[in-house]
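Working notes, beginning with the structure itself.
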There are 2 protein chains.
Amino acid sequence: MDTRVHDILRRNQLSVTASREKILNLFLTNTRALAHADIEHKAGERFDRVTVYRTLQTFVEKGILHTIPTADNSVRYALCKNDCFEGHHHDNHYHFICSACGKTECLEEFVIPSVKVPKEYLANNVEIVVNGVCAACRKK
Amino acid sequence: MDTRVHDILRRNQLSVTASREKILNLFLTNTRALAHADIEHKAGERFDRVTVYRTLQTFVEKGILHTIPTADNSVRYALCKNDCFEGHHHDNHYHFICSACGKTECLEEFVIPSVKVPKEYLANNVEIVVNGVCAACRKK
DNA sequence: TATATTTTGCAACACAGTTGCATGTAAATA
DNA sequence: TATTTACATGCAACTGTGTTGCAAAATATA
Ligand SMILES: [Mn+2]
Ligand SMILES: [Mn+2]
Ligand SMILES: [Zn+2]
Ligand SMILES: [Zn+2]
């Protein structure tokens, strides 16, 4: 169990429970984003489906996780950087999904390009998802 | 009923049925993208849920409609331009969703900006959805 | 019009996600 | 540490969305 797990939960005024520890640990020990099903399989078996849903919901509300929109309309979750907090996400980055292995990554190192909108329109937020093949899969 | 309805169906080797006419007409007489629920309400009442699903599926396969990914994971459909055909979509544009009225538009007039990916990665396809407020809603 | 081919509606199902409520567990307090 | 209080969990039941098989109906074709 990653040592940060306990701290992150306390910092967010969450009581430390087995399911929260287990699920948060999954994200701290994996670089890739996880779908609900991944979590239910890896952490699950031991926890009720509803508990997994509620835990993920809580983590998103607290700014511990953020969701990633995908073209196939399945929700994935990834760790937020430290500057997200309750009700205020600042996840100014876009995402990459490998079509071969399904790996989903936050690309935090690149700047979101500016995107045009029609005259008189106001753009608040730009969601970008890049589909492609990751380095590991290209070598195969 | 829009005069193009019949032609579009025949051009795509689809038999002309009441549900296909009605649903296709909805898209030709609306500029905005429609969700399944919109269609079921506007065209529905008269058609079975399953028929609406199958009709939309067929239209997407034929290249008459394309789907739009949204952050809230609900599928929306919009008319393709003429250069899409069976199994080959060429919808190189991004989308705008108004957070006030829900209007969803294809922004065909702008170029998709180039987006960086990590070294050794291959980018195949970039999905962009801009959330904001449309001109009509800003004036209110 | 008669026939072959598609499409439709219905029922039944699968799956994701939500809600209410009683019980169990963690945190706060004494 | 023992007690109290607040919160998290599991279960059952439910809703919404999308799919499938099949018989009946509608369409296209000759
Ligand atoms: Mn991210
Ligand atoms: Mn479009
Ligand atoms: Zn990969
Ligand atoms: Zn609007």
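Reminder, nothing fancy here: chain letters follow the sequence lines and each chain counts from 1.
With the nearest nucleotide of DNA chain D identified for both B:Leu14 and B:Arg54, B:Arg54 has the one nearer the 5' end.
Regarding A:Arg46, its CZ atom lies at a distance of 14 Å from the C1' atom of C:dT25, rounded to whole Å. Rounded to whole Å, the distance from CG on A:Asp38 to P on C:dA16 is 12 Å. What separates CG of A:Asn12 from P of C:dA27 is a distance of 14 Å, to the nearest Å. Atom CD in B:Glu61 sits about 14 Å away from atom P in C:dT6, given to the nearest Å. Atom-to-atom, NZ of A:Lys22 to C1' of D:dA8 comes out at 18 Å; the value is rounded to the nearest Å. Distance, B:Arg76 CZ to D:dG18 P: 13 Å, rounded to whole Å. The CG-P distance, from B:Leu9 to C:dT6, rounds to 16 Å in whole Å. Spacing between atom CD of B:Glu40 and atom P of D:dT19 amounts to 13 Å, rounded to whole angstrom units.
Side chains of B:His66 and B:His95: a donor-acceptor N/O pair is present below 3.5 angstrom, by distance only. Side chain to side chain, B:Tyr94 and B:Glu108 fail the donor-acceptor criterion of an N or O pair below 3.5 Å. Residues A:Arg32 and A:Thr104 bring no donor and acceptor atom of their side chains to less than 3.5 Å of each other.
Between A:Thr17 and the phosphate of C:dT25, there is no side-chain N or O to OP1/OP2 separation shorter than 4.0 Å. Side-chain nitrogen and oxygen atoms of B:Ser15 include at least one within less than 4.0 Å of the OP1 or OP2 phosphate oxygen of C:dT7. In terms of phosphate contacts, B:Gln57 brings a side-chain nitrogen or oxygen within less than 4.0 Å of OP1 or OP2 of D:dT19.
Considering only the side chain of A:Thr55, D:dT9 comes nearest among C:dA26, D:dT9, C:dG9. Distances from the side chain of A:Tyr53 to the nucleotides C:dG9, C:dA16, D:dT27 place C:dA16 closest. Considering only the side chain of A:Arg10, C:dA27 comes nearest among C:dA27, C:dT8, C:dC10. The side chain of A:Val50 has D:dC11 as its nearest neighbour among D:dC11, D:dA8, C:dG9. Taking the side chain of B:Arg49 as heavy atoms from C-beta on, and the options C:dG17, C:dT19, D:dT17, the nearest nucleotide is D:dT17.
When side chains are defined from C-beta on, B:Glu40 counts as touching B:Arg49, because their heavy atoms get closer than 4.5 Å.
Among the protein residues, B:Gln13 comes within range of no part of the nucleic acid, since none of its heavy atoms lies under 4.0 Å from any strand. Among the protein residues, A:Ser19 comes within range of the sugar-phosphate backbone only, with heavy atoms under 4.0 Å from sugar or phosphate atoms but none that close to a base.
Shown here for B:Leu107 and B:His93, the closest heavy-atom pair between the two residues is O-CB, 3.4 Å.
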